[in-house]
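Below: the structure, in structure tokens.
Since the structure is predicted, the reported quantities are computational estimates derived from the model, not experimental observations. Residues take their numbers from the sequence shown, with the count starting at 1.
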Amino acid sequence: MSLTRREALGLTTGAAAFITFGGQLAHAAAAETEEAIKAFSGGAMPESGKISLDAPEIAENGNTVPVSVSVDSPMTADNYVESVLILAEGNPSPAVATFHFTAMSGEAAAKTRIRLAKTQNVIAVAKMSDGTTFMDKKEVKVTIGGCGG
């Protein structure tokens, strides 16, 4: 297989653009995820504990990745989980789902399926009625991405 000068120039330009902007896109997604966590938690850094995120270690297909989250809370009128935010750090839009609870919910647990573009961290952040926040994170290895266009 031989390449013309024009094809070689096009490949070189494409590779240079990927190297230049590809790293910035990954950095932008991580920064966007961090900003979403800060906005959700009111600027405070969430603590570990109380929230448990369950996601597969390896997802064969990123189109449908099962995720469940539960928060240890008495769910009384004085002490309950207000909401849980699920983020996918490497997706084009990191915020995946938000679940809202009240004291009458009985328990703070939810299951869903999400799409993942590539191997990345899935993050769950819980906001309690007293304003405290808790976070859990799992890395999910994706063999076939689900957010491709």
Side-chain angles (χ1 to χ4, degrees), residues 7-75 78-103 105-149:
E7 291 170 335
L9 182 59
L11 288 173
T12 305
T13 304
F18 178 76
I19 291 169
T20 302
F21 299 113
Q24 290 178 354
L25 291 175
H27 179 67
E32 190 176 333
T33 302
E34 197 170 308
E35 286 300 316
I37 292 171
K38 283 182 183 177
F40 183 76
S41 67
M45 188 61 187
E47 303 171 33
S48 61
K50 287 202 178 190
I51 185 167
S52 176
L53 173 67
D54 186 29
E57 189 174 315
I58 298 174
E60 301 236 351
N61 187 343
N63 279 320
T64 176
V65 180
V67 174
S68 64
V69 63
S70 62
V71 184
D72 182 25
S73 171
M75 298 302 282
D78 296 333
N79 185 2
Y80 64 95
V81 178
E82 284 185 357
S83 52
V84 173
L85 173 66
I86 297 180
L87 301 132
E89 197 171 55
N91 276 5
S93 179
V96 177
T98 304
F99 300 99
H100 299 281
F101 303 96
T102 68
S105 296
E107 70 174 322
K111 292 182 182 182
T112 190
R113 293 183 180 273
I114 63 174
R115 295 178 87 174
L116 298 178
K118 59 185 178 181
T119 297
Q120 61 190 287
N121 289 321
V122 176
I123 303 166
V125 185
K127 184 189 306 181
M128 309 302 280
S129 59
D130 65 359
T132 59
T133 55
F134 298 92
M135 183 172 78
D136 193 12
K137 181 190 302 189
K138 301 279 192 255
E139 182 183 47
V140 178
K141 295 178 177 101
V142 177
T143 57
I144 300 172
C147 293

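Of all the heavy atoms in L53 and D136, the pair that sits closest is N-OD2, 2.8 Å. In terms of heavy-atom proximity, V142 sits nearest to I144 at CG1-O, 3.2 Å. Taking each heavy atom of G90 and K118 in turn, the nearest pair found is O-CE, 3.6 Å. Across every non-hydrogen atom of S68 and K111, the tightest pair is CB-CG, 3.5 Å. Between H100 and S83 the shortest heavy-atom distance is ND1-CB, 3.6 Å. Between I86 and F99, the closest heavy-atom pair is CD1-CE1, 3.6 Å.
The side-chain heavy atoms of D78 and S129, taken from C-beta on, include no pair separated by under 4.5 Å.
In this structure, CG in N91 is found 4.5 Å from CD in Q120, a value given to the nearest 0.5 Å. The line from CG of N61 to CZ of R115 is 9.0 Å long, rounded to the nearest 0.5 Å. Within the model, atoms CD of E57 and CD of E139 stand 8.5 Å from one another, a figure rounded to the nearest 0.5 Å. Atoms CG and CD, from L87 and E34 in turn, are 11.5 Å apart once rounded to the nearest 0.5 Å.
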If you look only at distance, which donor and acceptor atoms sit under 3.5 Å apart when one is on a side chain in residues 38-51 and the other is two or more places apart or in another chain?
unit_1	atom_1	unit_2	atom_2	d
S41	OG	I37	O	2.9
S41	OG	A44	O	2.5

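Put simply, the side chain of E89 never gets that close to the backbone of T33: no donor and acceptor are under 3.5 Å apart. Within the 3.5 Å criterion, the main-chain N or O of E60 finds a donor-acceptor partner in the side chain of T143. A distance-only check finds no donor-acceptor pair linking the side chain of N121 to the backbone of K137 [under 3.5 Å].
Counting non-hydrogen atoms of other residues, nucleotides and ligands closer than 6.0 Å to CD of E82 gives a total above 12.
Residues passing the side-chain contact (heavy atoms from CB on, under 4.5 Å) test with T132 are M128, D130, F134, sequence neighbours excluded. Listed by chain and number, the residues in a side-chain contact (heavy atoms from CB on, under 4.5 Å) with T64 are R113 (sequence neighbours excluded).
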